[in-house]
*Asks:* 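Sharing a structure below in structure tokens format, with a few things to ask.
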Amino acid sequence: MKIGLLDSGVGGLSVLREIHRILPTASLHYVGDSAWCPYGTKSPEVIQRRVFEIADYLLVHGAEILVIACNSATIQAVGALRAEYPLPVVGMEPGVKPAAERTRSGVIGVLATEASLAGEKFHQLVSAHASGVRVITRPCPRFVELVEAGLLDGPAVETAVDEALTPLLEAGADVFVLGCTHYPFLKPMIEYRLPDGATVIDTGPAVAKRVASLLPASGAGYPGTIQVETTGELDRLDALLPRLLPALNVSSAACHIGNPLP
Ligand code: DGL
């Protein structure tokens, strides 16, 4: 069974690693749209167009399940994708529901992209699951730049994390949602900045379980292949892979999908 995954860049590899962790025999084909990254500041129309182009590419190459390993793309395009494609489409959304269930202070912080936070689907999520708590949102475009540059720790990350979290902590948040798939790569630094007792929510593991539930039960098998492609520069991807997916056997390639960014 071949699983196709897409993201605006390398962020969705945080979801790929969770899927590989519980489904080591599944073959994974990932496209990171680094040439068009970030999606978070782009219009819904642009995001939708790119997501459809990449989804078509993954389908042509044999994907039988599509994982939109990007909150922004899910929020802006998952409904249209499900209506269009005759295969299971699994999306991501910020973990507002588990956060609202776990907060003790009644204040949760949601870190996500502008595109996700502006989406109708995000507002529905908050009214359906977090009406009784205070939800403070915070776009963190710098986190995406840092991860795309392979900076997962060090002073630049510390500064960005501090700037993002300080206002949320001052407002009393005790649960922090990583609502963008790039952010889990900074999770150790985020946790380091938080006080004891704070909770960080990443929905990657839950999405991996959802994907597993769609596959036929299989016994022991050979490890599946992991193929990671980028619409950006292959050299940059090759430099990032050992940091983002250490110890995984990954084949990488460049791909050209649609038109270059105007
Ligand atoms: N990884 C993406 C997400 O989950 C988007 C980051 C970006 O391109 O702005 O929302």
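Order of appearance sets the numbers: ligands from 1, and atoms from 1 within every ligand.
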*Asks:* Given 3.5 Å as the limit, does a donor-acceptor pair link the side chain of Asp7 with the main chain of Gly12, or not?
*Replies:*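 At least one qualifying donor-acceptor pair exists.
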*Asks:* Leu5 and Ala69: which non-hydrogen atoms are nearest, and at how many Å?
*Replies:*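 Smallest interatomic distance, heavy atoms only, reads CD2-CB, 4.4 Å.
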*Asks:* Can you tell me which residues line ligand 1 if we count any heavy atom under 4.0 angstrom from one of its atoms, in chain and number order?
*Replies:*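 Correct list: Asp7, Ser8, Cys37, Pro38, Tyr39, Gly40, Cys70, Asn71, Ser72, Thr113, Val144, Cys180, Thr181, His182.
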*Asks:* Does the gap between the ring centers of Tyr183 and Phe176 come in under 6.0 Å?
*Replies:*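 Tyr183 vs Phe176: aromatic centres not under 6.0 Å.
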*Asks:* Regarding Asp162 and Arg193, does a basic nitrogen lie under 4.0 Å from an acidic carboxylate oxygen?
*Replies:*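 Between Arg193 and Asp162 there is a salt bridge, with a charged N closer than 4.0 Å to a carboxylate O.
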*Asks:* Mind checking salt bridge (charged side-chain N to carboxylate O under 4.0 Å, His left out) for Arg210 and listing every partner two or more places apart, or none if nothing turns up?
*Replies:*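 By the salt bridge (charged side-chain N to carboxylate O under 4.0 Å, His left out) rule, Arg210 matches no residue at all.
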*Asks:* List the atom of Gly258, the atom of Glu53, and the distance in Å for their closest heavy-atom pair.
*Replies:*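 Looking at all heavy atoms of both residues, the shortest contact is CA-OE1, 3.9 Å.
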